[in-house]
> 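After the C-alpha cells below, expect a handful of questions from me.
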Amino acid sequence: MREVSRRGILGLGMGAAASLAVAGCSSGSGSGTPKPSKTTQAKPIGDGSTSHGERRKEAPKPERLERGQKPPQFVVFSWDGAGEVGNGLFPRFRKLAEDHGATMTFFLSGIYCLPESKKSLYRPPNNPVGASDIGYLTDDHIKATLRNVREAWLEGHEIGTHFNGHFCSGSGSVENWTPAQWKSEIDQAMSFVTEWKTNTRFTDVDPLPFDYHKELIGGRTPCLKGQTNLLPTARELGWRYDASSPGGLQVWPSKKQGVWDFPLQQIPFPGHSFEVLSMDYNILANQSKNSTNAPPANYPGWRKQAAEAYIAGFKRAYETNRAPFFIGNHFEQWNGGIYMDAVEEALKHMADERHKDVRLVSFKQLTDWLDAQDPAVLADLRGFGVGQAWSANGG
C-alpha cells in the first residue's frame with residue numbers, strides 16, 4: 001500500500017550520507033497495562049464519531065525528582081501512520097504493550113479515517129485536491145483502524161497525529177508549508193478523525209472514546225520535515241510537544257518555541273563506525289537502500305543488527321545520562337517483517353525485570369513528567385552529554 005520511495009529518506013545517519021514508581025510516571029516494567037473500566041455513560045461529541053465518558057485507568061501523577069536524585073529511564077515507542085491494514089500489526093503491538101506494562105504513542109494519519117470515495121474533502125496545501133502520497137484505506141481497513149485506535153486509547157495509549165497526505169518531495173512537500181498551511185492540514189486531520197461517521201456512514205463501529213481536541217497535544221511530520229514552520233502553529237494550538245526533529249542526540253530534551261522537542265536520535269549502529277537514526281525506516285535505508293523486499297538471505301543478519309542497534313541506544317542512555325530514548329516505527333512488513341521482530345525483541349529486553357527503573361511511556365506521559373519537574377533539576381540533567389555518566393553533582 002505504501003511505497004518506500006514515497007516516504008523519502010531523511011536523517012539516515014552519517015553512514016548513509018557518506019556512503020511511575022519512585023520518581024516515575026507509570027507502572028514499572030512487567031506489571032501489565034491496567035484494564036480499562038468501560039461504562040455505558042459515553043456521551044457523543046458532534047456527529048458521534050467521538051465521545052467522552054468512557055473510563056480508562058490513568059497513569060499515576062508524575063513525581064518530582066529531588067535535586068541530585070537519579071531519574072528513571074524513559075523509553076517512548078511511537079508509530080507513524082497507525083493504520084491497521086489487515087496485517088495484524090496494530091493489535092500485535094497493543095498486546096505486546098499490555099504484556100509488558102508499556103504505553104505508546106500512535107500518530108494517526110487523518111486520511112486513514114476518510115474513504116477514498118470522499119477524498120475530494122481533502123485539500124492538501126500545495127497539492128491537488130484529494131492527492132495523497134500514502135494510499136487511502138479500504139472500508140474494512142478504516143473500520144479496523146478505528147477499532148484499534150479506540151481500544152488503544154482505552155488501554156492507556158496516546159493518539160497523536162501524523163497529519164494527512166505524507167508529502168515529502170517536490171513543490172508540495174511539507175518542508176515548504178507555511179504556518180497557515182500547517183493549520184489547514186491539522187484542521188483537516190481533526191475533521192477526518194472527528195467526523196468519520198458522517199464521511200463513512202458506518203453504523204457498526206463504536207465511537208472513538210476521546211475528545212480529540214483535548215487528546216491531541218503533539219505529532220510527527222512526514223519524513224521529519226517542516227518542523228520550523230509547524231511550531232508556531234503547534235504553539236498557537238496549545239500543543240505541548242513535537243516529535244519531528246531529525247538527527248537528535250541522546251541528551252535530555254529542551255523546548256523549541258515553547259514546545260517540547262522530542263527528536264529521533266542517533267544511536268550506535270553495530271558493525272559500523274557511524275550512527276543511525278532510531279527509526280525502523282532509517283535502519284532499513286542503511287541496510288537495503290530503497291528496497292523493502294531485498295533478498296531474504298540478508299534478513300537474519302539485518303534483524304539482529306536492528307535489534308542490537310535499539311538495545312545499544314537503550315544501554316548507552318540507561319548506563320549513563322538516563323536521557324529519554326525515542327524509537328519510531330511503522331506498521332509495515334518491510335524485508336519480511338524483520339523490523340517488527342527487532343523492535344519487539346528490543347522492547348522485551350528493556351522491559352526485563354532486571355531494569356527496575358525503566359518506564360515505557362507515551363510522549364504525553366513524558367511531557368507530563370517533564371512539566372512537573374523543578375526547572376533547576378531539568379537544567380542539571382541537560383548538562384550531561386551523550387554517554388556521560390550520571391552523577392548526583394550534575395553534568
> Centroid-to-centroid, Phe314 to His355, below 6.0 Å?
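Centroid distance Phe314-His355: below 6.0 Å, so yes.
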> Applying ring pair (Phe, Tyr, Trp, His ring centres under 6.0 Å), which residue pairs with at least one partner in residues 216-237 are found, sequence neighbours left out?
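Every candidate ring pair (Phe, Tyr, Trp, His ring centres under 6.0 Å) pair involving residues 216-237 fails, so no pair, neighbours aside, qualifies.
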> Given the rule in the side-chain contact (heavy atoms from CB on, under 4.5 Å) test, do Ile186 and Leu230 qualify, once you have shown the distances and angles that lead to the verdict?
CA-CA 10 Å; Ile186 295 167; Leu230 167 66; 3.9 Å; yes
> For residues Phe325 and Tyr318, establish whether the separation of their ring centroids is below 6.0 Å.
no
> Looking at Asp341 and Arg92, what are the two nearest heavy atoms and their distance?
OD1-NH2, 2.9 Å
> Do the ring centers of Phe163 and Trp182 come within less than 6.0 Å of each other?
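So the answer is yes for these two rings.
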> Which pair of heavy atoms, one from Glu54 and one from Trp153, lies closest together, and at what distance?
O-CZ3, 4.0 Å
> My understanding is that only residues two or more places apart in sequence, or in another chain, count here; which of them pass salt bridge (charged side-chain N to carboxylate O under 4.0 Å, His left out) with Arg354?
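Once residues adjacent in sequence are excluded, the partners of Arg354 under the salt bridge (charged side-chain N to carboxylate O under 4.0 Å, His left out) criterion are Asp352.
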> Out of Lys256, Gln227, Gln257, Arg235, which residue meets the side chain to side chain donor-acceptor pair (under 3.5 Å) rule with Asp242?
Gln227
> Verify the ring-centre separation between Trp260 and Phe363: is it less than 6.0 angstrom?
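Not under 6.0 Å, so no.
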> Salt bridge (charged side-chain N to carboxylate O under 4.0 Å, His left out): which pairs involve residues 243-255, sequence neighbours left out?
none
> Should the pair Phe106 and Trp79 be assigned to parallel (<30°), tilted (30 to 60°) or perpendicular (>60°) ring geometry?
parallel
